[in-house]
A.B. asks: 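To start, I am sharing the structure in question, which I have written as structure tokens.
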Amino acid sequence: MDHKLYIYNTLSRSKEKFEPLNPPFAGMYVCGPTVYSNPHLGHARVNTVFDILYRYLKHLGYKVRYVRNITDVGHLENEDLGEGEDRIAKKARQEELEPMEVVQKYMNAFHRNMRELNILDPDIEPRATGHIIEQQQLINRLLDKGLAYVSNGSVYFDVSRYNSSHNYGILSGRVLDELMNNTRELEGQDEKNNPYDFALWKKAGPKHIMKWPSPWSDGFPGWHLECSAMSMKYLGEPFDIHGGGMDLIFPHHECEIAQSTAALDKQPVRYWVHNNMITINGQKMARSLGNFITLDELWSGNHKLLQQAYDPMTIRFFILQAHYRSTIDFSNEALQAAEKGYNRLMEGIEKLDSLEAGGQSSGIDVDGLSSRCYEAMNDDLNTPVMISYLFEGVRSINSIADGRENIGREDLEKLRSLLNTMAFDILGLKKKEKPAGDTGLTGKLIEALLELRQKAKDNKDYDTSDRIRTQLNHLGITIKDTKDGTGWSL
RNA sequence: GGUCGGUUGGCCGAGUGGCUAGGCACCGGUCUGCAAAACCGGGUACAGCGGUUCGACUCCGCUACCGACCUCCA
């Protein structure tokens, strides 16, 4: 595979050339959502970021297997305070639903939102509840190695034992002694040898609904376990890429590494890739902080922080205009700027269709533009820089359309192919939708009105021509007078 | 408190030891009946203080402020 894709590996804290274990195959696992409420802007970001990686790897010619899980059990809310209520179970009680109805409802919403954002489906989307056996098998491997212990029907990972021969903290940079001092004093700790030990299996309390039989107790798997079990099952031991939000580095991914390394006697993942957070007023947007905006709210504009509705493609473009390892701060101003920029880009690309080649190219270096686009992508998926090059292309297109510059036939073909590849295949943007359904009729009606307006203009009857323009504007139709006649868009 | 990261023009957001990122907004111009769109041009941005250097926004140190993680989180 001949390419120069470098990707930042959290494990080494540096950009590394991407070289999969078994080219042309590449495996990628990304932590998916816990489905107990509606997806928000943060979900849009992770999934857009890894959608870009997925698309780009495929574009480079890899046969990618992309696995993204659905967490449909597990996470305890206030676990350590002894209340021990499963988030999904809690929601089920609140909404008077069966837990699996809650799961289905929010999983459907997640899938719909992802499709709206033009995020490609993963190749495998495993669910934690469908892999209880695999998780139990993994626990057995750890028990056999003496790196886990049973306590009161629950099973815990023995972190200090593991740390004596491995490095617990290899990913997050944490030092066990410091964790010892900084881990909060929590209830229910008496079951554990050490406060930083984490659960592999939890014995279910009397009121707990979602539970499964096991050699240790009727209970349920620990959160960290599902990702280890499912990623290795579908991608191998070890595999290439593991992704997720930066907030998962500790403890989730650190624990995954510990479990899997203990079971395998080698590191489970070669490239750990993490995207940064979306902030709002400088603070992380998170469900747990209650300062999040759901995707449906963005689409509808129905949220007190939103001045207007935003199209999914605006959100996608907004996300891609920042590098994935930087935070992005949400604001209406930033979103509106993204919306306009996205429109400009799409209109430029649309103009390519009607552009005519002629003579020698001037003011544009298509090959240079192309290689710079690839350089940007290869440099740790630098989409903002790549997009800046697309805008250079747009400026050239506009100049050519204005008759200020020329483009040769071959260059025009190359430019078309380049912009379509970059904008649609790799960035996954979508063309603006043409008026749906009655396109033909609407279009013809507008054309007819524009013809009347032209006639009025020719007669210098600007009263009439302006009235037509204003009326159409009120209907959301924009009129553009150019050298080659009048165009319109919705 | 510990670990890590950030501070770029009106806003968002890249990046580099010396070469115009880009988008949005704003101002001026071209075009237009007028607008819009498009194009051209414009504003001396790199938190502060020291140091290294021929030269630093970019490297080093200190200070200030902000954030993430250390509990579930994308």
Side-chain angles (χ1 to χ4, degrees), chain A residues 13 30-34 36 39-50 74-81 87 169 172-175 177-179 181-184 186 196 223 243-252 254 274-279 282-289 292 317-318 321-323 325-345 347-348 351 372 376 379 382-392 394-395 397-399 401-405 457 460-462 465-466 469-470 473 478-483 486-487 489:
Chain A
R13 288 150 205 267
V30 175
C31 290
T34 304
Y36 70 95
H40 59 74
L41 201 46
H43 296 99
R45 186 166 199 196
V46 220
N47 290 292
T48 300
V49 164
F50 289 99
H75 308 192
L76 293 188
E77 192 168 55
N78 298 323
E79 168 184 11
D80 298 320
L81 301 174
R87 283 175 189 274
S172 60
R174 249 150 261 260
V175 179
D177 287 347
E178 286 167 5
L179 282 174
N181 296 328
N182 290 318
T183 306
R184 295 185 311 180
L186 302 166
Y196 42 68
W223 174 39
M246 273 184 186
D247 51 350
L248 299 182
I249 291 175
F250 193 91
H252 185 51
E254 193 70 62
H274 293 99
N275 64 281
N276 214 140
M277 303 290 103
I278 287 185
T279 60
Q283 225 194 4
K284 174 181 162 185
M285 183 182 286
R287 212 137 52 178
S288 54
L289 295 174
F292 63 94
F317 191 69
F318 170 69
Q321 265 195 311
H323 186 86
R325 284 192 290 114
S326 303
T327 54
I328 326 180
D329 198 56
F330 161 88
S331 70
N332 281 282
E333 239 182 326
L335 251 38
Q336 283 156 11
E339 181 175 56
K340 288 183 184 166
Y342 168 68
N343 286 340
R344 182 171 143 84
L345 181 61
E347 280 163 21
K351 256 188 223 173
R372 283 188 294 152
D379 183 15
N382 199 332
T383 53
V385 167
M386 196 266 256
I387 288 170
S388 79
Y389 298 148
L390 299 187
F391 278 111
E392 275 186 33
V394 166
R395 190 179 305 136
I397 290 166
N398 285 328
S399 293
D402 272 14
R404 290 164 205 268
E405 305 280 3
K457 277 174 72 175
K460 299 208 188 308
D461 178 5
Y462 298 123
S465 70
D466 286 354
R469 183 171 66 195
T470 311
N473 278 343
T478 311
I479 291 174
K480 288 172 195 167
D481 291 327
T482 68
K483 278 204 168 100
T486 301
S489 62

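Reminder, nothing fancy here: chain letters follow the sequence lines and each chain counts from 1.
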A.B. asks: Does B/G67 have OP1 or OP2 sitting under 4.0 Å from an N or O in the side chain of A/K284?
C.D. replies: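 Checking B/G67 against A/K284, no side-chain N or O comes under 4.0 Å of OP1 or OP2.
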
A.B. asks: Roughly how many Å apart are B/C49 and B/G2, using the C1' atom of each and rounding to a whole number?
C.D. replies: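 Approximately 27 Å lies between the C1' atom of B/G2 and that of B/C49.
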
A.B. asks: By a 5.5 angstrom centroid cut-off and a 30 degree plane limit, is there stacking between A/Y462 and B/G33?
C.D. replies: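 The ring of A/Y462 is stacked on B/G33.
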
A.B. asks: Hunt down the Watson-Crick or G-U wobble partner of B/C69, both distances under 3.5 Å, from any strand shown, or write none.
C.D. replies: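 WC or wobble partner is B/G2.
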
A.B. asks: If you restrict it to nitrogen or oxygen atoms, what contacts under 3.5 Å exist between nucleotides 34-37 of chain B and the protein, and what is each distance?
C.D. replies:
residue : atom : partner : partner atom : Å
B/C34   : O2   : A/R469  : NH2          : 3.0
B/C34   : N3   : A/R469  : NH1          : 2.9
B/C34   : N3   : A/R469  : NH2          : 3.3
B/C34   : N4   : A/R469  : NH1          : 3.3
B/A35   : N6   : A/D481  : OD2          : 2.5
B/A35   : N1   : A/R469  : NH1          : 3.3
B/A35   : N1   : A/D481  : OD2          : 3.4
B/A35   : N3   : A/R469  : NH1          : 2.8
B/A36   : N1   : A/D481  : N            : 3.3
B/A36   : N1   : A/D481  : O            : 2.8

A.B. asks: So which nucleotide does B/A47 pair with, by the Watson-Crick or G-U wobble rule with both distances under 3.5 Å?
C.D. replies: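 Per the H-bond distance test, B/U63.
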
A.B. asks: Suppose we define a pair by two distances each less than 3.5 Å, Watson-Crick or G-U wobble; what does B/G17 pair with here?
C.D. replies: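 Per the H-bond distance test, none.
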
A.B. asks: Parallel, tilted or perpendicular, judged at 30° and 60°: which one describes the rings of A/Y342 and A/F317?
C.D. replies: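 Tilted.
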
A.B. asks: What nucleotide among B/A74, B/G13, B/G2 has an atom nearest to a side-chain atom of A/R174?
C.D. replies: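 Closest of the options to the side chain of A/R174: B/G2.
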
A.B. asks: Any idea which of B/A25, B/C4, B/U30 is nearest the A/K340 side chain?
C.D. replies: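 The answer is B/A25, which lies nearest to the side chain.
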
A.B. asks: Would you name the heavy atoms of A/A286 and A/F292 that are closest together and state the gap between them?
C.D. replies: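 Reported closest heavy-atom pair: O-CD2, 3.7 Å.
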
A.B. asks: Would you indicate which nucleotide in B/C69, B/A14, B/G22 comes nearest to any side-chain atom of A/R395?
C.D. replies: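 So the nucleotide nearest the side chain must be B/G22.
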
A.B. asks: Taking the P atom of each, how far is B/G15 from B/U30, in whole Å?
C.D. replies: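 These two P atoms come out 38 Å apart once rounded.
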
A.B. asks: Looking only at atom P, what distance separates B/G61 and B/U3, rounded to whole Å?
C.D. replies: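 Each nucleotide's P atom is 15 Å from the other's.
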
A.B. asks: By nearest heavy atom, map A/A338 and A/V385 onto RNA chain B; which one lands nearer the 5' end?
C.D. replies: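 The residue mapped nearer the 5' terminus is A/V385.
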
A.B. asks: Return the nearest nucleotide to the side chain of A/D247; candidates are B/A38, B/C69, B/G22.
C.D. replies: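 Comparing B/A38, B/C69, B/G22 against the side chain of A/D247, the answer is B/C69.
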
A.B. asks: Applying a 3.5 Å limit to both distances, which nucleotide forms a Watson-Crick or G-U wobble pair with B/U30?
C.D. replies: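 Result: B/A38.
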
A.B. asks: Phosphate oxygens OP1/OP2 of B/A74: is one of them under 4.0 Å from a side-chain N or O of A/R287?
C.D. replies: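 Answer yes for this pair, as a side-chain N or O of A/R287 is under 4.0 Å from OP1 or OP2.
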
A.B. asks: Using the C1' atom as the point on both nucleotides, what is the distance between B/G33 and B/U44, in whole Å?
C.D. replies: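 B/U44 and B/G33 have their C1' atoms separated by 40 Å.
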
A.B. asks: If you compare every side-chain N and O of A/N382 against the phosphate oxygens of B/G15 (OP1, OP2), does one of them come in below 4.0 Å?
C.D. replies: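 Checking A/N382 against B/G15: at least one side-chain N or O falls below 4.0 Å of OP1 or OP2.
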
A.B. asks: Consider the side chain of A/S288, meaning its heavy atoms from C-beta on, and name the nucleotide among B/A21, B/C70, B/C72 that approaches it most closely.
C.D. replies: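 Output: B/C72.
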
A.B. asks: Could you measure between the two P atoms, the one in B/A21 and the one in B/G42, and give it in whole Å?
C.D. replies: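 Comparing P positions in B/A21 and B/G42 gives a spacing of 13 Å.
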
A.B. asks: Would one find a side-chain N or O of A/S465 under 4.0 angstrom from OP1 or OP2 of B/G33?
C.D. replies: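 False: A/S465 side-chain N/O out of range (4.0 Å or more) of B/G33 OP1/OP2.
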
A.B. asks: What is the pairing partner of B/U58, taking Watson-Crick or G-U wobble pairs with both distances under 3.5 Å in any strand?
C.D. replies: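 Here B/U58 is not engaged in any pair, so there is no nucleotide opposite it.
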
A.B. asks: Take atom P in B/G55 and the same atom in B/C12, then report the distance between them in whole Å.
C.D. replies: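 Those two atoms are separated by 34 Å.
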
A.B. asks: Under the 6.0 Å and 45° cation-pi test, does A/R287 pair with A/Y36?
C.D. replies: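 Judged by the rule (NZ or CZ under 6.0 Å from the ring centre, within 45° of its axis), A/R287 counts as positioned above A/Y36.
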
A.B. asks: Could you say whether A/R372 or A/P33 is positioned toward the 5' end of RNA chain B, judged by the nucleotide with the nearest heavy atom to each?
C.D. replies: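 It is A/R372, whose closest nucleotide lies nearer the 5' terminus.
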
A.B. asks: Of the options B/U30, B/U71, B/G23, whose atoms approach the side-chain atoms of A/P251 most closely?
C.D. replies: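 Nearest listed nucleotide: B/U71.
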
A.B. asks: How long is the line joining CG of A/N398 and P of B/C40, in whole Å?
C.D. replies: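 In whole Å, B/C40 P lies 9 Å from A/N398 CG.
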
A.B. asks: Mind checking who B/C24 pairs with, Watson-Crick or G-U wobble, both distances under 3.5 Å?
C.D. replies: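 Pair assignment: B/C24 / B/G10.
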
A.B. asks: Return the nearest nucleotide to the side chain of A/F391; candidates are B/G23, B/C72, B/A21.
C.D. replies: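 Per side-chain heavy atoms of A/F391, the pick is B/G23.
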
